[in-house]
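Take a look at the structure set out below.
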Amino acid sequence: MLDLNDIRRDPDRIRTALAKREIEIDFGELLSVDEDYRKNQQALEQSRAERKGISGQISQLRRAGESAAQEIEQLRSRSQAVGERIAERESRAGELSAARQSLLDALPNLPDDDVPAGGKDANQVLRVVGDRPDLDAPLDHVQLAEGLGLVDYKRGAKLGGNGSWIYTGVGAQLEWALLNYFVQTHLRDGYTFVLPPHLLTGDSGYAAGQFPKFAEDVYVVEEDEQGKPSKFLIPTSETALVSIHRDEILRAEELPRKYFAYSPCYRKEIGGYRTYERGTLRGHQFNKVEMFQFTRPEDSLAAHEEMLEKAEELMRGLGLHYRVSLLAAGDTSASMTKTFDVEAWIPSIGQYLEVSSVSNSRDYQARRARIRYRGPEGKPALVHTLNGSGLATSRLLPAVLEQNQQADGSVLVPEVLHAWAPARISPVATRTGH
RNA sequence: GGAGGAUUCGCCUAGUGGCCUAGGGCGCACGAUUGGAAAUCGUGUUGGGUUAACACCCUCAGGGGUUCAAAUCCCCUAUCCUCCGCCA
């Protein structure tokens, strides 16, 4: 949520910033609703003060004794009339504040100054790291995973339908090894390990920015009487992590708070599949380790760089060829001011695919979730929140398999995973001989 | 799923319709005292909103109701605790 005061003070500045996302916003309605709300609020508060005064007088007269009975009766009916006016203004206040809130909820975050304007096409590649593996006739990850007996796509679809798969044997080991590697690295860096609930409440969805705008992207398993989501399946650990400190005032000394979480991520992906996104590149459920920080406002830019570097370190540790992009404003998710994508090279499709997205929300999520800290003057001030995948494994496994495949059909497993997986995986048919 | 109980400031608690403008303790901050500290004493200490300001309004888990007036009475919901049932 944006700061309403900023919009009141300088709507043109906000409008210009949002234009970079290629959306045109007119604040006319918002500002006029806001003005009505405040006028009504003043009248309402005045009436409340009046009633309070009358009630106080009644209280005093009652103590004085029976003699004042008639006077009390007069005051009582006066107060009753005021009460009716209060009720009217309260219901008006409710309507106006709901209208104002829903206009405010629809506004995305302001892109940072250094974020390029425009849509996906305006994304900037910042750097390309490592060498493209030199492969003669590369197999794609589906052929590799099936040939090596790592993933069972057919039976996966039988169990969970389209967009589901089963990791089997060494495949499951490898997937878990990636997770272990990430966990180990984040623990080393002093991040706190979190395993969140997979069923989240509507409040958590609102705080992270899922609701009300992106409700159709997630699996809602329970709705309240108004048909609003009350329980939904975690679409990313970020949604859970934001809400850890929802409605809290943190002490300045305990910032930054650094967390990481593992959870499966459940997504409807209603956009549908692109034909090249076969195998485990896109599904309704995938594994991800997510990094998250709550920082003081002045520290969030440095924290953003730190988390990007951590994501890249994981990629380098795996020996993968990847690139880093700065997303254009239109491609940056609504809650974020700036996002870096780390994209792994997938040889079979000749493209780089996102395996990590590292974003700074600044105070946008914190304002929705009312996450504050004791600022310099001891007054509560909003924290900044940042999140970044570290990393999404289900999409990484294809990169690992394809980039490390050998001429004999085997795959060399990166050394950092050897504690939990074999160093080389050979095709099922030939494995019996060794 | 059933039956009871609970939810008041960072923590513990007082409070059964109007001197509650919510009291006390702990903790915390500042000050006094001290060579310095402990102890002691004093002062302050929930958030939020409207307003140029003075000031006012809201906030006792959340929502609704009764009343001139609600932390207090009634209803609904959430969460936690205890017991019963079921269960990995």
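Lettering follows sequence order; numbering is per chain, from 1.
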Looking at [N], which nucleotide sits across from it as a Watson-Crick or G-U wobble partner, both distances under 3.5 angstrom, or is there none?
N	answer
B:C19	none
B:C83	B:G2
B:G44	B:C28
B:U7	B:A78
B:A69	none

With respect to A:D341, which candidate in A:S356, A:S325, A:S359, A:S357 satisfies the side chain to side chain donor-acceptor pair (under 3.5 Å) definition?
->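 Of all the options given, the one that passes is A:S357.
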Find every protein N or O atom lying less than 3.5 Å from an N or O atom of nucleotides 45-51 of chain B, and list the pairs.
from	atom 1	to	atom 2	distance (Å)
B:G47	OP1	A:R374	NH1	2.6
B:G47	OP1	A:R374	NH2	2.7
B:G47	O3'	A:R372	NH1	2.9
B:G48	OP1	A:R372	NH1	2.8
B:G49	N2	A:E45	OE1	2.8
B:G49	N2	A:E45	OE2	3.3
B:U50	OP1	A:R8	NH2	3.4
B:U51	OP1	A:R38	NH1	3.4

Between A:E146 and A:K154, is a salt bridge (Lys or Arg N to Asp or Glu O under 4.0 Å) present by the stated rule, with each step listed?
-> CA-CA 10 Å; A:E146 278 183 330; A:K154 286 223 165 62; 5.0 Å; no
Between B:G62 and B:A78, how far apart are the P atoms? Round to whole Å, please.
->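 My reading of the P atoms in B:A78 and B:G62 gives 16 Å.
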Tabulated below should be each protein N or O lying under 3.5 Å from an N or O of nucleotides 16-22 of chain B; please produce it.
from	atom 1	to	atom 2	distance (Å)
B:G18	O2'	A:S59	OG	2.8
B:G18	N7	A:R62	NE	3.4
B:G18	N7	A:R62	NH2	3.3
B:G18	O6	A:R62	NE	3.2
B:G18	O6	A:R62	NH1	3.4
B:G18	N2	A:S55	O	3.2

Rounded to the nearest 0.5 Å, what separation is found between the CD atom of A:E216 and the CD atom of A:Q210?
->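 So the CD of A:E216 and the CD of A:Q210 are separated by 10.5 Å.
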Between CG of A:N360 and OG1 of A:T339, what distance do you get to the nearest 0.5 Å?
->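 With rounding to 0.5 Å, CG (A:N360) is 8.5 Å from OG1 (A:T339).
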Which residue lies toward the 5' end of RNA chain B, A:L44 or A:Q80, if each is placed at its nearest nucleotide?
->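 Going by which nucleotide is closer to the 5' end, it is A:L44.
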Is the shortest side-chain N/O distance from A:R78 to OP1 or OP2 of B:C68 below 4.0 Å?
->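 Indeed not, no polar side-chain atom of A:R78 lies that close.
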Going by distance alone, is a donor N or O of one side chain under 3.5 Å from an acceptor N or O of the other, for [X] and [Y]?
X	Y	answer
A:S300	A:T295	no
A:K338	A:T332	no
A:R85	A:S47	no

